[in-house]
Protein chains: 2
Amino acid sequence: MSEGNRPLARERVIESLEQSAEVYGLSRSAGRIYGVLYFATDPLSIPELVEETGYAKSTVSNVTRTLTRIGLIHRRSSEGGGRRVRFSAEQEIWFILQDVFQQYIQREIQTTLRTIKRAEAQLSEPESHEGERIRELRATYEDLEEITRLATDLSAAELRAALEAYER
Amino acid sequence: MSEGNRPLARERVIESLEQSAEVYGLSRSAGRIYGVLYFATDPLSIPELVEETGYAKSTVSNVTRTLTRIGLIHRRSSEGGGRRVRFSAEQEIWFILQDVFQQYIQREIQTTLRTIKRAEAQLSEPESHEGERIRELRATYEDLEEITRLATDLSAAELRAALEAYER
DNA sequence: CTGTTTGTTCGGTCCAGTCCGAACAAACGA
DNA sequence: TCGTTTGTTCGGACTGGACCGAACAAACAG
């Protein structure tokens, strides 16, 4: 446990990342492991992450797999070197948020929209109250789909610029 | 349990809302209760929601309180009538998403940014590797704060227009 | 005042997710 | 070849959240 001599500021930020992880549906351990990698100067192996975080080897193994799948960290398979796999953090937070956004929100919107359209098609009585509600839902979700489609193509700076340009 | 004679399309959409609720960090019961209220022609009381959803009275009570606090449904305290409180669904999905967005994402970004700034101030060695990482984090989060601040003022149509205007 | 209807609160159960340790597999160095 | 290091997988303990039923509080009808 080498947390004692670590800079306090870094520890505070890592704790904050732990909390953020929970908000985005990940575990606290995922937030800490990402944080340690974010501050690391070099890629770290699983035993090194065990040393740094205090988590069990199995936990680190599972969490790194999840984070790699999502794209939050990168798995560097260094064939030649002594240690076999090493992980580094994706530094561009914006990329991460875009990925999360696409994988959770956009996907969710699309599947919901598909369900709504299917339900609308099999309405026994299209002019009923249910029909009206479903049509309104569809209109909203079509807007949402378009918004997310456009937003995922932009960088943070572009998105900010687009909004600022519209405001005035 | 009067689900048997309900239109199938409506049931499909409600199931979809149950799933959406989970994505946004709410319980499945919250999704169903909102869905029933969304399709209801008139506001419903707690016993009626119990009848429609099959959930226990206590569950309906707790969930309606949560949904009311978030703004997903509205509590109509009808003093004069026989039944005391009645709930109706907020029909504008965009309002709901904005609320969720503000309460979860924006708040999360702001607290994180505050933590980062505090950590940056108490850096013992500002020119270190940690200092550089923390400064980059701060820059990203300031962008994010600005984006969310601008986005929460816009309607769905405006947001879509802003993005479409920027694209071409 | 008493019984009934509505809503809240409280304790408890159940389940899913997190994390751990141990067993196992694979690759390397001696 | 054999021991050591690294990583994965498996079963289980623990925890938090969702949901339930029962007890309780409040308002109304008779």
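Chain letters run A, B, ... following the sequence lines, proteins first, then strands; residues in each count from 1.
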Exercise for the section: Please report the shortest heavy-atom distance between A/Ala119 and B/Ala9, naming the atom on each side. Expected result: O-CB, 3.3 Å
Exercise for the section: Please check if the side chain of B/Glu18 supplies one atom and the backbone of B/Arg32 the other of a donor-acceptor pair under 3.5 Å. Expected result: no
Exercise for the section: Starting at atom CD of B/Glu48, determine the distance to atom C1' of C/dT5, rounded to an integer number of angstrom. Expected result: 13 Å
Practice task
Locate the shortest heavy-atom distance separating B/Arg12 from A/Thr115; write the atom from each residue and the value.
Solution key: O-CG2, 3.9 Å
Handout entry: Short N-O contact, A/Glu145 and A/Lys117, less than 4.0 angstrom
Key = no
Problem - Between D/dG17 (C1') and B/Arg65 (CZ): distance, integer Å - result: 15 Å
Handout entry: Heavy-atom closest pair, residues B/Ile14 and B/Val36
Key = CD1-N, 4.0 Å
Problem - Euclidean distance, atom CD1 of residue A/Ile46 to atom P of C/dA26 [Å, nearest integer] - result: 16 Å
Handout entry: Evaluation steps, side chain to side chain contact (heavy atoms under 4.5 Å, CB included), between A/Arg75 and A/Arg86
Key = CA-CA 6 Å; A/Arg75 184 192 188 104; A/Arg86 298 182 308 165; over 6 Å; no
Handout entry: d(CG, B/Leu67; P, C/dG7) in whole Å
Key = 15 Å
Handout entry: Bend angle of the helix from C/dC1-D/dG30 to C/dA30-D/dT1, from helix axes over five pairs at each end, nearest 10°
Key = 10°
Exercise for the section: Whole angstrom is fine here: how far is it from CG in B/Leu49 over to P in C/dT6? Expected result: 12 Å
Problem - Residues B/Arg135 and B/Glu120 bridged, charged N to O under 4.0 Å - result: no
Tabulate protein N/O versus nucleotide N/O from nucleotides 21-23 of chain C, keeping only pairs under 3.5 Å, one per line.
residue	atom	partner	partner atom	Å
C/dG21	N7	A/Ser58	OG	3.3
C/dG21	O6	A/Ser58	OG	2.9

Practice task
Decide yes or no on side chain to side chain contact (heavy atoms under 4.5 Å, CB included) for B/Arg84 and B/Ser45, but give the supporting numbers first.
Solution key: CA-CA 8 Å; B/Arg84 286 187 278 186; B/Ser45 65; over 6 Å; no
Exercise for the section: Let me see the working for B/Glu15 and B/Glu11 under side chain to side chain contact (heavy atoms under 4.5 Å, CB included), right down to the final yes or no. Expected result: CA-CA 6 Å; B/Glu15 283 169 8; B/Glu11 176 61 21; 3.2 Å; yes
Fill in the blank from the handout: Between CZ of B/Arg84 and P of D/dA29 the distance, given in whole Å, is 11 Å
Exercise for the section: Sugar-phosphate means primed atoms, P, OP1 and OP2; the rest is base. With that split, encode nucleotides 12-18 of chain C 5' to 3' as B, S or - using protein heavy atoms under 4.0 Å. Expected result: ------S
Exercise for the section: Measure the distance from CD on B/Glu51 to P on C/dT5 and round it to the nearest whole Å. Expected result: 15 Å
Problem - Contact summary for A/Ala89 and A/Tyr34, nearest pair of heavy atoms - result: CB-CE1, 3.7 Å
Practice task
Could you give me the CA-CA distance, side-chain angles and deciding distance for A/Val85 and A/Thr64, then say whether side chain to side chain contact (heavy atoms under 4.5 Å, CB included) is met?
Solution key: CA-CA 11 Å; A/Val85 296; A/Thr64 49; over 6 Å; no
Completion exercise
Rounded to whole Å, the OH-C1' distance (B/Tyr55 to D/dG17) equals 14 Å
